[in-house]
Each structure stands twice: as structure tokens, then as C-alpha cells.
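Presented below is the structure to which this report refers.
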Amino acid sequence: MTLRSLAANTPGRRANWKALGLSHEDMEKPKIAVVNSSSELAICYAHLDGIAKMVKEEIRAAGGVPFEVRTAAPSDFITGAAKRGSYILAGRDIIANDIEVQVEAALLDGMICLTSCDKTPPGHLMAAARLNIPTILVIGGYQPSGQIDGEPVDVEDVWSGSVGERFGAKPKFPVSDMAENAIMGPGVCAGMATANTMHCVVEALGMCLPGHAPVRGNSPKMQANAREAARRIVQMVHEDLKPRQILTEGAFRNAIATVLAVSGSINAIKHLQATAVEAETDIDIFALWEEMADVPVLSAVRPTGDIRIERFEDAGGARATLKRLESRIDTSVLTCTGKTLGENLAGYEIPGPDVIQPLTDPVGPGPAIAILNGSFAETAVVRLGIRDGSRPEEFRGPARVFEDVFACMDAIADGVIQPGDVVVSRNQGLKGGPAMGGSASLVLFALDAAGLAKTTAFVTDGQLSGLCLKGLTVAEVAPEAATGGPIGKVRDGDAITISVANRSIDIEVSAAELAARPGPGYVNAATGYLSNFREAVQPMSTGGVLLPAKD
């Protein structure tokens, strides 16, 4: 094949690269972007400079020329501090655009992306789908948790404990002690929250090498994985193996099946849809989700159950999950290995039976996540986890409406919210948040701490942390309040009915009356980039991309 980087092999370009130390022979080699989101702000990215160094060494040894490029590095606990957390989701699209501006503009031949916290995996997948140049992702790994008195503690314990204290809940250890011991090294949040869910999604899509997700952050295994991926990306450039050959409908079905089987984060839905849009496909992830609804839960990693992410990795992780799903998924799809998924799984033996169950003996029935619709929403998402009757799945009650999270939490603390209520927290959508800012997850933990999670329902047009799995919670309601959706017109006392069995969420107010009611419009300020995001963001049906679905 002809390297596209040679199309711009001008004297000025050669002069610049020669000054960087490249030889005449290097000019003829594949130019590989090493996409690094390293940041000293957040522990999830703190180890990536060392990984990038290893990757560059292997690319050179394999006959390529690496160029390290940096992108934004959003992290919920750190860069969620300002503007009600609005920069978190908005950072996903900054990453994709960062990559385009550097990698596409320079006409590099391929890229290897060091993928870590919640928004980097989808940002990398979106960029790969958009640029459609040979791409492989390196899983950045999860952080080691600590212990107190021999009992494990992690960041979920810290977060739930800190919210719960305000509402009278007693955490298992003092929050200050847990904060000192919850994170003992680099990597993403432990548990099957959004980051580890998306790491599994990357492997299910075929965009990382088999057996790479999840992995202990900065461990010898992760370092070996990175070196293996670095060698492979050079081969992929020579093979001209591109993301759109991999990101087919079958691959997306496999990713959906994997998320359902591990009872993963609801955020995977919009990230998969955004990737499908960036690949210029007509794939409707929301429709495919219902088609895959019979996939049962095969593993109960926290927060679904008590299994720690370390045990899930040791039991085979995403690779073992795909092996369990082999009869239910499309094994003919191409992967970044150059082989089909079936070929990758052939001969693989699952390390143990006690963590990732077979389809014939699941942890619980599916779906772990369901899509609802009705007179209250065109789409809405509910995370069900293990459907053992511990959480309600049918609910009818009067709405208690709040324009922001903090007013809602005050109402919980003051005893305003009562059993039987449907708590509605709005103005947290893609445009209204903006960028789904608003920290809706705080409401969920507050309801749980106040003992109301099982006797109320919670409905929001915002997004939830992947650590959230309590009560009957319906999130990402679309259309959102800011664009005139029913959630923006509901009033205190209006009856709302939720039925998981029927996949429905309805408001018992006539369409004519709803149409006559004024909506709230924008109630949250948006300046700078957030204003640009609000202007450009597309509906949830696109996964919230900033580009129109097609030119």
C-alpha cells in the first residue's frame, strides 16, 4: 500500500521532521500517532507517560515512526468540579476533535490510543470511526483499591459514604479514612462503572487485542499488552485494516451483548451510538438494544454485586464474557487482529466458572439495562442490574419536580419527598445541562441514604455515573426539558407510570394539555466552549455528537 503520509512529503515537512531527529529512511516508514491523554490532574491518567514511552519504543522496533500527541483528559472526580460537571461529557467530543486536528491534519498513517477514564474510550472510538485510518486502542487499566482493617474499600465507598452522611446513613468506615485508602495507584475507578464497561466494549468491538480488558493499571500485564498493541498497529497500517471494516452492525451487537452480560454502565448506549454516527452508519443502537434484551447477566461485579474487578479480570474479563456469549453473538466480524472474533476465541478456555457464568446458568435474567418510551419520552434508559425483585420495576405516582439537583437534595433532607413519589430532576440534558451537567447521581445516592430508593422512582434527563445502581431510576430522558420534551412540562402532582415489562414511561396528561404548557427553556448558563457545545450538540438519538449525522 501507499502511505498517505507520503502524499505530503514536501521539503518543508522533511526539514521540520529532520530537525526532530528523523532520518531519510524514517520519511518512508509508517507514521503512527501515539494518542496520549496523560494528565497530572487525575490518577486515571497518571501512568500513561510511561506507557507512551514503551509504545514508542515498540513502534520504532517494528519499523514505524511514532509521534506522541496529547488530548484533553476529563475525569469525573476532578474536572467535574466546575459548571455542575458539564465539562465531563463535553470532554468526550473535545478528545475526538483534538485527534482530528492533529492526526488528520498531519496525514499520519495510523494511531494507537492510550484509553483510560470514562470519556477517553468513546472519544478514541469516535475519532477512529471518523478518520477511518488504522487504529488500535490500549486499555489503560483500573486502579488498585485499598483496605481498612482487612476489608476492601474503593472510590464507590468514598462517594456513597460522603453523600450518605448528610442523610443519616452510617458508612462502614469514616469517610476521611476511606478517602485515605480507597485509591492506591494509577488507573480508572474499580468496579463495573463506565470506564471498565467501555474498556470491555472496546474489546467486544474488536478495537483492542483479545484479553486486554479489564487490566490492572500499570501492571506488568498492562505494559506487555501495550507493547503487543504497538507492534500490531504497524502491521495494521501495512495491511490497511481500518476501523470501518471492524465497526460493523455485528460488532455493535456484540458490544451491546457484552454490556448486558456484565451489567455495565448505561453511558455505553450513547457512546456506542455516537461511534456508529461517526462511522457514518445508519445503525440504531437504541433499536438493537431491545433486540438483544434477552441476554442475561453473567457476572455481578460491583455495583451490580459483590465481585471485585480484580476477580473479573482473573476470570478472563471481556474475553471470557465473549466466549460465554459465543452462541449468541456474531463471531464472523473482523477484529483488529486481522482475524474474526470466532478465530480469536477458538481454543480459548475460561479460567474459572464462578465469576462469569454460562448462558445456561446466568446470575440473573436480562436485560440489565432497558430502553423505555411512551408519552413521557421517546427514549429513556433504566439500569436494572440483577432482577431479583429487590428493586421495583412497575411504578405509578405523583411527580415531584425540581429544576436542579441541589433543590432536590434539600427536599430529600427536609422530608418533602415521600414514599410513592416520582422524583423528577430536569434541565440536565445535552443542551440544558449543558452537556448533561447537573450531577443527577447525587440525587440517587441521597434517596438511597434516606431510605427512599425502594419506595420512590427517580426520573431525570441527565446522565448517571456508572457507579449508580439503586432503586428504580430512569435517566437520559429524551427529548430533554430544554428542547420542549414532556419532562420540561410536567408539574407537581401529575401522575407518571413506569413499566419495565412494557418498556414504557408515560405521563397521565393529555397531549393537548402538554403542548399548551410552557417549557422552562434554558435555565443553566453556558459560556465559552459549553456555549459552543449547546449550540452544536445533536439529539440523544445520535449519542450527542457535535456533528450532523451526515453531510
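Since the structure is predicted, the reported quantities are computational estimates derived from the model, not experimental observations.
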Checklist entry - Of Ile246, Leu205, Asn254, which is the lone residue that meets side-chain contact (heavy atoms from CB on, under 4.5 Å) with Leu341? => result Asn254
Heavy-atom check, side chain of [X] versus side chain of [Y], under 4.5 Å:
| X | Y | answer |
| --- | --- | --- |
| Val401 | Arg426 | yes |
| Ile417 | Thr456 | yes |
| Thr281 | Leu247 | no |
| Ser299 | Phe312 | yes |
| Leu372 | Thr379 | no |
| Arg324 | Gln357 | no |
| Thr473 | Cys468 | no |

With the threshold set at 4.0 Å, does a side-chain nitrogen-carboxylate oxygen contact exist between [X] and [Y]?
| X | Y | value |
| --- | --- | --- |
| Lys170 | Glu165 | no |
| Glu100 | Arg130 | yes |
| Asp98 | Arg70 | no |
| Arg302 | Asp157 | yes |
| Arg517 | Asp494 | yes |
| Asp118 | Arg92 | no |
| Asp93 | Lys119 | no |

Compare every heavy atom of [Y] with every heavy atom of [X], then report the nearest pair and how far apart it is.
| X | Y | result |
| --- | --- | --- |
| Arg383 | Gly466 | NH1-O, 2.6 Å |
| Thr542 | Gln273 | C-CG, 3.5 Å |
| Leu530 | Pro434 | CB-CG, 4.0 Å |
| Met178 | Pro171 | CE-CB, 3.9 Å |
| Ser37 | Ala72 | OG-O, 3.6 Å |

How about [X] and [Y]: does a side-chain donor come under 3.5 Å of a side-chain acceptor?
| X | Y | answer |
| --- | --- | --- |
| Asp506 | Thr497 | no |
| Ser390 | Lys454 | no |
| Thr258 | Thr321 | no |
| Asn267 | Thr194 | yes |
| Asn427 | Glu403 | yes |
| Ser263 | Thr304 | yes |
| Ser38 | Asn36 | no |

Quick one: [atom1] on [X] to [atom2] on [Y], what's the gap to the nearest 0.5 Å?
| X | Y | atom1 | atom2 | result |
| --- | --- | --- | --- | --- |
| Arg253 | Thr248 | CZ | OG1 | 10.5 Å |
| Arg534 | Leu546 | CZ | CG | 13.5 Å |
| Met436 | Leu89 | CE | CG | 7.0 Å |
| Leu325 | Met292 | CG | CE | 8.0 Å |
| Leu472 | Leu444 | CG | CG | 10.5 Å |
| Ser541 | Lys270 | OG | NZ | 14.0 Å |

Item to check | Plane angle bin for Trp159 and Phe445 - parallel if under 30°, tilted between 30 and 60°, otherwise perpendicular | outcome: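 Because their plane-to-plane angle lies in the 30° to 60° range, the rings of Phe445 and Trp159 count as tilted.
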Checklist entry - Short question: side chain of Thr115, backbone of Cys113 - any donor-acceptor pair under 3.5 Å? => result no
Checklist entry - Counting distance only, does the side-chain N/O of Gln428 pair as donor-acceptor with the main-chain N or O of Thr460 below 3.5 Å? => result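 Here the side-chain-to-backbone pair does not exist.
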